[in-house]
Amino acid sequence: DLQSRVHWEENLEQWTKLALQAKEEKSFPWPKASNVKFPVLATAAMQFNARAYPTLVPSDGRLVHTEVVGADPSGEKKKRADRISDFMSYQLLKQMEGWDEQMDKLLLILPIVGTCFKKTYWDSIKKRNCSKLVMPKDLVVNYWATSLEETERKTERIAMTKRVFKERVNAGIFCDVDLAPPSSAGVTLARGDTKSNIQDMVPGRDDDTTPYIFLEQHTFCDLDDDGYAEPYIVTFEEKSKKVVRIVARFDEKSIITDDDGELIKIEPIEYYTKYSFIPNPDGGFYDIGFGLLLSPLNESINTIINQLVDA
């Protein structure tokens with residue numbers, strides 16, 4: 001899956017550099033030549049965010065809207081729908097900590113990259129529903145997958161400190177396996193090099209807060225050897241490849257049988273929601289954004305300005 005999207009990751013790095021206006025030392029036509037970065041891409045993303053956020057997250061707090069289907073002469077359906085709308089809006093804004101901040105962040109990243117994800121799940125430690133932003137580089141899906149729901153495999157990269165890992169072991173969520181001390185070195189991208197540092201930030205030393213990288217893979221496994229692979233979630237540590245959790249991603253309602261009770265299929269429970277900016281014309285899974293559309297124009301403007309300054 002990483003190899004299938006290696007060129008997309010390279011483009012993602014370039015789009016991110018343009019959006020962040022990352023400065024790079026220039027040696028042509030002479031050392032320390034003009035290196036102005038004009039914020040075309042960043043401005044376009046902020047303008048989209050400024051319009052989209054108040055539309056999706058209105059000031060009155062009514063995020064969830066319901067629709068009454070069928071006759072409702074007494075108005076009871078409408079009253080119930082309004083109660084559901086109010087409660088779900090309350091869940092998003094009050095119970096799901098940081099939901100609105102992460103949605104604000106998503107609406108800034110989405111127009112640049114073209115694709116973002118939200119993961120919605122029940123947290124058995126916090127005892128509440130959670131919804132978190134998943135960056136596109138951290139959810140690995142084969143580039144030629146037809147959709148998020150139909151793909152055979154999707155893998156989320158999750159950074160987790162030893163303390164949080166221990167909490168999950170204590171709660172019975174993870175198996176208590178021996179893992180080597182985590183290290184920030186050696187985490188690689190699809191093309192084999194280490195993670196780039198676009199803004200030239202100095203990495204800290206490895207200590208007790210250095211996180212492990214776990215891979216949570218939503219896939220299909222035939223664990224009962226019946227010839228049919230059922231949907232499961234398998235979580236393992238990236239370096240050691242040690243499995244810490246296997247859990248079914250289906251329930252009784254997901255099992256579809258015929259009139260004789262014979263199994264037809266099992267529908268997997270979907271935890272991820274894909275947000276798309278503009279559908280990819282080449283049919284790829286990852287959609288396009290202003291990063292692809294405006295980067296040639298942004299680079300041309302940068303070049304013209306720098307040539308004028310140098311002249």
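As the structure is a prediction and not an experimental result, all values here were calculated from the model.
Closest non-hydrogen pair, Cys175 versus Val169, comes out as O-CG2, 3.8 Å. Closest of all the heavy-atom pairs between Ile266 and Ile255 is CG1-CG1, 4.3 Å. Heavy atoms only, all atoms of each residue included: Asp222 and Glu230 are closest at CA-OE1, 3.9 Å. In terms of heavy atoms, Ala42 sits closest to Ala19 at CB-O, 3.6 Å. Between Pro29 and Ala33, the closest heavy-atom pair is CD-CB, 3.9 Å. Closest heavy-atom contact between Ser131 and Gln102: O-OE1, 3.8 Å.
A donor atom on one side chain and an acceptor atom on the other are not found under 3.5 Å apart for Arg249 and Tyr232. A donor-acceptor contact closer than 3.5 angstrom links the side chains of Glu237 and Ser240. Side chains of Asp282 and Tyr143: a donor on one and an acceptor on the other come within 3.5 Å. A side-chain donor-acceptor contact under 3.5 Å links Thr155 and Gln217.
In this structure, CG on Asp100 lies 8.5 Å from NZ on Lys94, to the nearest 0.5 angstrom. The line from NZ of Lys79 to CD1 of Ile84 is 14.5 Å long, rounded to the nearest 0.5 Å. From Lys17, atom NZ reaches atom CG of Asn298 across 14.0 Å, with rounding to the nearest 0.5 Å. Rounding to the nearest 0.5 angstrom, the gap separating the SG atom in Cys116 from the CE atom in Met103 is 10.0 Å. Distance check, rounded to the nearest 0.5 Å: CD of Glu238 to OH of Tyr212 gives 13.5 Å. Note that the OG1 atom of Thr16 and the CG atom of Asn11 stand 10.5 Å from one another [nearest 0.5 Å].
Within the 4.5 Å cutoff, the side chain of Ile301 has heavy atoms near those of the Ile305 side chain. Contact annotation: the side chain of Ser124 approaches that of Ile173 to within less than 4.5 Å [non-hydrogen atoms, C-beta and beyond]. Taking the side chain as every heavy atom from C-beta outward, Leu18 and Glu299 approach each other to under 4.5 Å. Looking at heavy atoms from C-beta onward, Val64 lies in side-chain contact with Leu92 at the 4.5 angstrom threshold. Side-chain contact between Tyr271 and Ile233 is present, with heavy atoms from C-beta onward closer than 4.5 Å. Side-chain contact between Thr210 and Asp207 is present, with heavy atoms from C-beta onward closer than 4.5 Å. Side-chain contact between Ile288 and Phe277 is absent, with no heavy-atom pair separated by less than 4.5 Å. Side-chain contact between Cys130 and Trp99 is absent, with no heavy atoms from C-beta onward closer than 4.5 Å.
Side-chain N or O atoms of Asp1 include none that pairs as donor or acceptor with a backbone N or O of Val140 at under 3.5 Å. With Lys77 contributing its side chain and Val69 its backbone, the two residues share a donor-acceptor pair below 3.5 Å. A donor-acceptor distance shorter than 3.5 angstrom exists from the side chain of Ser147 to the backbone of Glu150, with no hydrogens or angles considered. Not one N or O on the side chain of Asp287 forms a donor-acceptor pair closer than 3.5 Å with the backbone of Ser276. Remark: the backbone N or O of Val141 is paired with a side-chain donor or acceptor of Tyr286 at under 3.5 angstrom.
In this structure, Phe220 has its ring center no closer than 6.0 Å to that of Tyr228. Ring to ring, Phe48 and Phe290 are not that close: their centroids are 6.0 angstrom or more apart.
Residue Met88 qualifies as open at atom CE: its count of foreign heavy atoms under 6.0 Å is 12 or below. With a 6.0 Å radius and a threshold of 12 heavy atoms from other residues, nucleotides or ligands, Lys265 has its NZ atom at or below the threshold. The 12-atom threshold is not exceeded at CG of Asp208, counting heavy atoms of other residues, nucleotides or ligands nearer than 6.0 Å.
Under a 4.0 Å N-O distance rule, the pair Lys154/Glu270 qualifies as a salt bridge. A salt bridge is defined here as a Lys NZ or Arg NE, NH1 or NH2 lying under 4.0 Å from an Asp or Glu carboxylate O, and Glu101 with Lys105 fails to meet this definition. Asp82 and Lys78 are joined by a salt bridge, as a carboxylate oxygen and a charged side-chain nitrogen come within less than 4.0 angstrom of each other.
Contacts of Lys26 classified as salt bridge (charged side-chain N to carboxylate O under 4.0 Å, His left out), with partners at least two apart in sequence or in another chain: none. A search for side-chain hydrogen bond (donor to acceptor under 3.5 Å, both in side chains) contacts involving Glu216 returns Lys119, His218, not counting sequence neighbours. By the salt bridge (charged side-chain N to carboxylate O under 4.0 Å, His left out) test, Arg80 pairs with no residue at all, sequence neighbours left out. Checked against salt bridge (charged side-chain N to carboxylate O under 4.0 Å, His left out), Asp86 has the following partners two or more places apart in sequence or in another chain: Arg62.
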Mind running side-chain contact (heavy atoms from CB on, under 4.5 Å) on Glu156 and Leu215 for me, showing each step along the way?
CA-CA 6 Å; Glu156 181 187 354; Leu215 302 182; over 6 Å; no
Apply the test side-chain contact (heavy atoms from CB on, under 4.5 Å) to residues Thr303 and Gln307: give CA-CA distance (whole Å), side-chain angles for both, the deciding distance (0.1 Å), then the verdict.
CA-CA 6 Å; Thr303 299; Gln307 285 180 340; 3.8 Å; yes
Arg128 and Glu97: CA distance, side-chain angles, deciding distance, side-chain contact (heavy atoms from CB on, under 4.5 Å) verdict
CA-CA 10 Å; Arg128 59 178 172 82; Glu97 296 176 0; 3.4 Å; yes
Dump the intermediate steps for side-chain contact (heavy atoms from CB on, under 4.5 Å) on Val57 and Leu63, then the final yes or no.
CA-CA 6 Å; Val57 188; Leu63 274 69; 4.2 Å; yes
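Within the structure, every pair that satisfies the side chain to side chain donor-acceptor pair (under 3.5 Å) test and touches residues 31-55, not counting sequence neighbours, is listed here: Ser34-Asn306, Asn49-Asp104. Counting only residues at least two apart or on different chains, no salt bridge (Lys or Arg N to Asp or Glu O under 4.0 Å) pair has a member in residues 251-260.
No chain of hydrophobic side-chain contacts below 4.5 Å, direct or via other Ile, Leu, Val, Met, Phe, Trp or Tyr residues, connects Phe236 to Val164. Under a hydrophobic clustering in which Ile, Leu, Val, Met, Phe, Trp and Tyr are joined whenever their side-chain heavy atoms come within less than 4.5 Å, directly or via other members, Val40 and Val113 fall into the same cluster. If you chain together hydrophobic residues whose side chains sit under 4.5 Å apart, Met96 and Tyr90 never meet in one group. Hydrophobic clustering (ILVMFWY, side-chain heavy atoms < 4.5 Å, transitive): Val36 and Leu297 are in one cluster. Put simply, Phe214 and Val234 are part of two different groups of oily side chains (I, L, V, M, F, W, Y) that touch within less than 4.5 Å, one to the next.
Cation-pi contact between Lys274 and Phe285: present, with separation from the ring centre below 6.0 Å and deviation from the ring axis of at most 45°.
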